[in-house]
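Read the structure below first, then the notes.
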Amino acid sequence: MSSLLTVENVTVQFGGLVAVDKVSLTIAEGEIRGLIGPNGAGKTTLFNAISGLAPTRSGRMIFAGADVTALGAPDRAARGIRRTFQTVQLVQSMTVFENLLLGLHSRADNPLAALFVGHAVNARGATDPMATITRVLDYLDLAPRVDHLVSTLSIAEQRYVEIGQALVASPRLLMLDEPTAGLSPAQVARLDDLIARLPADWNVSIVLVEHVIPLVVKLCHRITVLDRGRVIAEGTGEQIENDPAVQEAYLGERLNA
Amino acid sequence: MEIATLLSVGLSNGCLYGLVGLGLVLVYSSQGIPNFAHGELFMAGAFLAYTAIVLLGLPYFLSFLIAVVGIGLMGMLLEWLAIRPISLHRSLGRASSEVAIVLATVGLAIVLKGLARIPWGDSVRNLPTAFTTQTVTIGGVAIATQRLLIVAVTLVLTVAISVFFARAPLGKKMRATAQNPTGAKLIGIHTSNIYSATWALAAACGAIAGVLAAPLIFLHPDMGTRMLLKGFAAACLGGFGSVTGVLLGGVLMGVVEIFAGRYIATSMMDIFAPIIIILVLLFWPQGLFGARRAARV
Amino acid sequence: MRTLLQNNLVWLFFAGTVALSFTTDAYSQYLMNLVLVYVVIGQGLNLILGFAGMFAFAHGAFMGIGAYVSALLTAKLGVSLLVAMPAAGVAAAIVGALIGFPALRVSGLYLAMVTLGFSEIVQWGIKHWKSVTGGPDGVSVPAPVLFGHRFYGDYPTFYIVVVVALAMTLLAQAIIRSKLGRAFVAIRDSEIAAQCSGIKVARTKVLAFAISAFYAGIGGSLFSLTQSYITPENFGFYQTTLHFCIVIVGGAASLAGPIIGSIILTWLPEVLRNAQALQEIGYGLMLILFVIFAPRGIAGFLIDKGILPRERFSLRRPSLPGRSRPAPQEG
């Protein structure tokens, strides 16, 4: 597997607080990577740094062979870095279909030109956007809901729409920030099943932030453990579970809580 | 000599702007909203004093008190009537409730303006007091006594309010609520009472400025909007934070404005405030004394 | 049939004004023209306030720029309205884009103050640039001559106003159903999520300002046609609050909202006997009551009741047969 994303010595600092401290990691093509760590470890901040929302103080990021360190979030999204959020960030007053269209935004770059066409015009001759949306709707079992307002959907369905919004753009990297939060065990199982299939079905790499450790161990090829902004361990599920530094980080959290 | 006279006028005007700005900062700090009706509280304060002095024949200082207390209560009432019902709907989502609250203050502003227009809209009025024509000569410069009163009251008020926030239990609660409303609730502070108190204090500041300004300016229902802009310019210069910062911002604004008016063009005085607001917010957001502008104080 | 009617209520409004124009007296016709002027400005303010969720307290000023550019071009330079009106829109849009840049640096509430300050400066400029604008006395607006016809009086003016208002409403619908309109709404609801969907927030915000100001500029040009002369006082804070009332009372984030709001807020002053004090109290109370009890305005209420259709944000809809999930291949 060749590497898709390389993060080198990235530091994110807010005032005096170093939220992400010289983190390096490499995500391979088609990989599912787990990202775990105690509360405040910097998982979401690292997500923000990779998606271009949090300004990095030092370090660099190489995505699909190009240096993306200087790019903002929209440009990174256009290059195929997509994500979901801990709390669902969909437009509640739009339908499922319209929210999926939002995911296609970076297809045509000129908003004024798009005004007169209504839809993203696909200049590069790839698949028809409508066909992509139909495929995503079918894949996520959202077709019956296509004309429903997002505000009328359950949380589980909204999470699927959020994933769909990313998938319509045919992303290379999909980052999921606690996608199972607020779901029932049955819904979690269904979502696990989906995440496991995504890399093969959509030719995408996944980075997954999760609190439920067994789930991460089951799903992910490799796991990176963050604590206080640093990478303290990386390896397979088994290696991580037996790592004394990881145990200490989690045990410490439990004692402090 | 002319420079000294201009300085005295600029300084006293600046104190007024500072007082108006202070009311804006108080509400902004506690609830995060710019109160577009604040200029009308200034206007209402001046007219209430006018009513007491001219129509009821009451003495100046008693009228002063009536106006300040009356407008303070009115501020409280306005918050209860128009702002609180919206704050309760925060479930609407933060952005839309912010829009709603600001629009409610705009609504209040025009309602107050309309109400004032019914009895007082027909002509421009002037408030005579014993002080208006009196002057005191300091170092060869004749200064209107009213202007000295403005500066004195402002200085006393600045100290009093600073002490109030530092020492008084209510002041401390107000600060706590401004910093962290949820936390304040958890430790047993009735935040809604605090908001009432904040609006009362803010409105009183506006009214004080109105009463102090009344003898020097022409009274008209439309005078609030301009004062709102000047008060906001003072608040921006002061960094939207500390009490002294706003007052110094007001003084700076008043002095620069009067010199610009004298030596560049009189008409400049009308747009000085909006220019300052734009320049400061865009290029110097921390102002003279502010910390981070984005954070609530 | 019923849904066909409902889906086209907005367009029926324009048909209705044409039908009514055969029955009106001159004054009612003037009011109807004014309603249509405010429809244009309301659609513009709605795009930025209702859809993009940004404060711009400057539409009185944008409108003034449009009115003066159009009036001065036609009166002093003898330019045709066919050129002057677009020029009015473009001039307002350029100023709007300039005011839009602060939107990138200051957030919602400060933006309200910055834009209010800006509109004060514009009004001051109109008042003091006497050699061009005539200062506080204003300028008189000549009756436009188009295609050899002189459009003098309320009835001829109506034909210009109704055509432009219809075109601008169609354009507003095209915008909100395009990806630009969706980007506005996405930014309103979550800037961060919008960025992560590839939306360039800064560019979109400036564009929202420019488009919204363009509407106000065109509206200003139309407004000047309905008046015999215009003065700086027409375009102050009071005018801006009227625009806000139109959008909020009518219903923000809905195409029908500004139309409903314009009708109500143009006829209300007549009920209030043109007394400024009563108008102010009426406008202010409506604004407060609506933001408290019906923040989505009358249109929002009608949408909830199923009388008006929900606003759509796409042109096409997918045709999806109820298929079950087929095995996806390659991506």
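No experiment lies behind these values; they were computed from the predicted model shown. Numbers restart at 1 for each chain; the letters A, B, ... are given by sequence-line order, proteins then strands. Atoms considered below: every heavy atom in the structure, side chains included; atoms not considered: hydrogens, waters and symmetry mates.
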Starting from the C-alpha separation in whole Å, work towards a yes-or-no answer on salt bridge (Lys or Arg N to Asp or Glu O under 4.0 Å) for Lys130(C) and Asp137(C).
CA-CA 9 Å; Lys130(C) 286 190 182 130; Asp137(C) 299 334; over 6 Å; no
Begin with the C-alpha distance, continue with both residues' side-chain angles, and end with the deciding distance and a verdict on side chain to side chain donor-acceptor pair (under 3.5 Å) for Tyr238(C) and Glu280(C).
CA-CA 9 Å; Tyr238(C) 184 66; Glu280(C) 282 171 333; 5.5 Å; no
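Residues Arg226(B) and Glu120(C) are not paired through a salt bridge, judged by the lack of any N-O separation under 4.0 Å between the basic side chain and the carboxylate.
Counting heavy-atom pairs closer than 4.5 Å to chain C, the top residue among Ala233(B), Ala265(B), Ala82(B) is Ala82(B). Across Ala109(B), Pro274(B), Gly114(B), the residue that shares the most heavy-atom pairs under 4.5 angstrom with chain C is Gly114(B). Counting heavy-atom pairs closer than 4.5 Å to chain C, the top residue among Asp270(B), Leu115(B), Thr225(B), Val280(B) is Leu115(B). Ranked by heavy-atom pairs shorter than 4.5 Å toward chain B, the options Phe101(C), Phe118(C), Phe290(C), Trp124(C) are led by Trp124(C).
Classified by interplanar angle (parallel below 30°, tilted 30° to 60°, perpendicular above 60°), the ring pair Phe36(B)/Phe237(C) is parallel.
For chain C, no part of Ile276(B) is nearby; none of its heavy atoms comes within less than 4.5 Å. Residue Leu112(B): no heavy atom, backbone or side chain, is found under 4.5 Å from chain C. With a threshold of 4.5 angstrom between heavy atoms, Leu287(C) approaches chain B through side-chain atoms but not through N, CA, C or O. Leu289(C) does not touch chain B: none of its heavy atoms, backbone or side chain, sits under 4.5 Å away. At a 4.5 Å heavy-atom cutoff, the contact between Leu229(B) and chain C is made by side-chain atoms alone.
Within a 6.0 Å sphere centred on CD1 of Ile192(C), other residues, nucleotides and ligands contribute 12 heavy atoms or fewer.
Close placement of the Phe57(C) and Phe244(C) rings is indicated, their centers lying within 6.0 Å of each other.
At a threshold of 4.5 Å between non-hydrogen side-chain atoms, the residues Phe47(B) and Phe42(B) do not count as touching.
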